[in-house]
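Working notes for the structure below.
In this chain, numbering begins with 1 at the start of the sequence shown.
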Amino acid sequence: MGGQLVMLVREVMSSPVVTVLRTDPVRRAIRVLHRHDITAAPVVDAEGRLAGVVSELDLLRGEFEPDPRASARPVETSAEPPPRHVAEVMTGEVVTVTETTDVTLAIDLMIGKRIKSLPVLRGEEIVGMVSRRDLMAMLARPDEELCQAVRDALSEQYPFGPSWDVAVHDGVAELSGPPHRHADRIADVLARTVPGIVRVRHLR
C-alpha cells in the first residue's frame, strides 16, 4: 500500500497515562505537564473516571497579567481572581478513542475537532494518550533504529523461522533470504508491527 502506514492507536499511544484531578490546583497541574513534557492530560474525578482534558493553554489562562512596561497606556488589571482549580479551566466535552481505533480516524478527529491529543479508553479505564507529537515521533524514527527493531521482532516472535537479512530505506523494510511462502507471510506481519515501518518487500 504505497508508502502509507497502517496502524492502530495502541501501537503509537503514550502509556502509562499521566492524569490530574479535577480538584488539583492549577499550579500543580502546570508542574505535572512540565515535568512529564506533555502538552495535555486527562482530568479524572475522585473515582478515577474521565472528567475532562486540560491543556497547556487552558492552564495558562489567567496566570499572567499585562506588564505595564509593554505599553505607554495605563494597564487595566482584571478584577476577576485567576482560576484556582483544574475543574475551572479544563475542557469537559472529551473526544476519545480506543486502543483498536485506526490511527487515520484519530488524525481525522484531531483535525476536525482542532485538538492535539486524545485520551485512549478501554471501557471506562484510561489506558493512554495519543497526540500529534506521538505520531511525529513515530514517523521521525531513523532507518537504522527501525532495522534493528524489525530484526528484534523476527528473532523474538519467530525464533525458529528462516534467517532473513534486513534493511530499511525510508521506512520500507526489505527482507532477503530463501523464498518460503508461509514464513514470508509471518515475517511480513511481524515487520509491519514495528511502528514506523511503511511496508515490507521481499528481495530474492
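For R22, the CZ atom sits in a loose shell: 12 or fewer heavy atoms of surrounding residues, nucleotides or ligands are nearer than 6.0 Å. When the shell of 6.0 Å around NE2 of H36 is examined, it contains more than 12 heavy atoms from other residues, nucleotides or ligands. Dense packing is recorded around CG of L105, with more than 12 heavy atoms of other residues, nucleotides or ligands lying under 6.0 Å away. Within a 6.0 Å sphere centred on CD of E47, other residues, nucleotides and ligands contribute more than 12 heavy atoms. Heavy-atom contacts from other residues, nucleotides or ligands closer than 6.0 Å to CZ of R114 number 12 or fewer.
Note that NE2 of H169 is 4.5 Å distant from CD of E174, once rounded to the nearest 0.5 Å. Atoms CG and CG, from L175 and L154 in turn, are 6.5 Å apart once rounded to the nearest 0.5 Å. In this structure, CD in E124 is found 9.5 Å from CG in L50, a value given to the nearest 0.5 Å. With rounding to the nearest 0.5 angstrom, the CG atom of L118 is 10.5 Å from the CD1 atom of I107. Summarising the geometry, atom CZ belonging to R28 is positioned 9.0 Å from atom OG1 belonging to T23; distances are rounded to the nearest 0.5 Å. With values rounded to the nearest 0.5 angstrom, D134 atom CG is found 13.0 Å from E11 atom CD.
Of all the heavy atoms in V86 and P25, the pair that sits closest is CG2-O, 4.3 Å. Smallest separation of non-hydrogen atoms from L203 and R201: CD2-NH2, 3.7 Å. Contact between A40 and S117 at its shortest, heavy atoms only, is CB-OG, 3.4 Å. Closest of all the heavy-atom pairs between A153 and V194 is CB-CG2, 4.3 Å. Between P42 and V18 the shortest heavy-atom distance is CD-O, 3.3 Å. Of all heavy-atom pairs spanning V9 and A106, the tightest one is CG2-CB, 4.1 Å.
A side-chain donor-acceptor contact under 3.5 Å links E88 to the backbone of H85. Remark: the backbone N or O of V127 is paired with a side-chain donor or acceptor of S15 at under 3.5 angstrom. S155 places a side-chain N or O within donor-acceptor distance of the main-chain N or O of R151, the cut-off being under 3.5 Å. D143 places a side-chain N or O within donor-acceptor distance of the main-chain N or O of D170, the cut-off being under 3.5 Å. The backbone N or O of P195 lies less than 3.5 Å from a partner atom in the side chain of R141, making a donor-acceptor pair.
With respect to the salt-bridge test (charged N to carboxylate O, under 4.0 angstrom), the residues E99 and R122 qualify. For the pair D24 and R31, the salt-bridge criterion is not met [side-chain N within less than 4.0 Å of a carboxylate O].
Hydrophobic clustering (ILVMFWY, side-chain heavy atoms < 4.5 Å, transitive): V94 and I38 are in distinct clusters. Note on Y158 and V166: same hydrophobic cluster, where clusters join Ile, Leu, Val, Met, Phe, Trp and Tyr whose side-chain heavy atoms are under 4.5 Å apart, directly or indirectly. Residues M13 and V95 share a single hydrophobic cluster, defined by chaining ILVMFWY side chains whose heavy atoms lie under 4.5 Å apart.
Taking the side chain as every heavy atom from C-beta outward, D184 and W164 approach each other to under 4.5 Å. Side-chain contact between V130 and M110 is present, with heavy atoms from C-beta onward closer than 4.5 Å. Within the 4.5 Å cutoff, the side chain of Q157 has no heavy atoms near those of the D152 side chain. R192 has its side chain within reach of R199: a pair of non-hydrogen atoms, C-beta onward, lies under 4.5 Å apart. Looking only at side-chain heavy atoms (C-beta outward), R35 and V32 come within less than 4.5 Å of each other. Within the 4.5 Å cutoff, no side-chain heavy atoms of V97 are placed close to those of L121. Under the 4.5 Å side-chain criterion, counting only non-hydrogen atoms from C-beta, T100 is in contact with R10. The closest side-chain heavy-atom distance from V53 to V43 is not below 4.5 Å.
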Assess the residue pair L135 and V103 against the criterion (side-chain contact (heavy atoms from CB on, under 4.5 Å)); give the C-alpha distance rounded to whole Å, side-chain angles, the decisive distance to 0.1 Å, and a yes or no. CA-CA 9 Å; L135 298 168; V103 163; 3.7 Å; yes
Determine, stepwise, if the pair R133 / D37 fulfils salt bridge (charged side-chain N to carboxylate O under 4.0 Å, His left out). CA-CA 11 Å; R133 184 181 296 185; D37 192 27; 3.5 Å; yes
Is there a side-chain contact (heavy atoms from CB on, under 4.5 Å) between V120 and I126 once you walk through the steps? CA-CA 6 Å; V120 183; I126 309 166; over 6 Å; no
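For the side-chain contact (heavy atoms from CB on, under 4.5 Å) criterion with M90, the lone passing option out of V20, V54, D58, V26 is V54.
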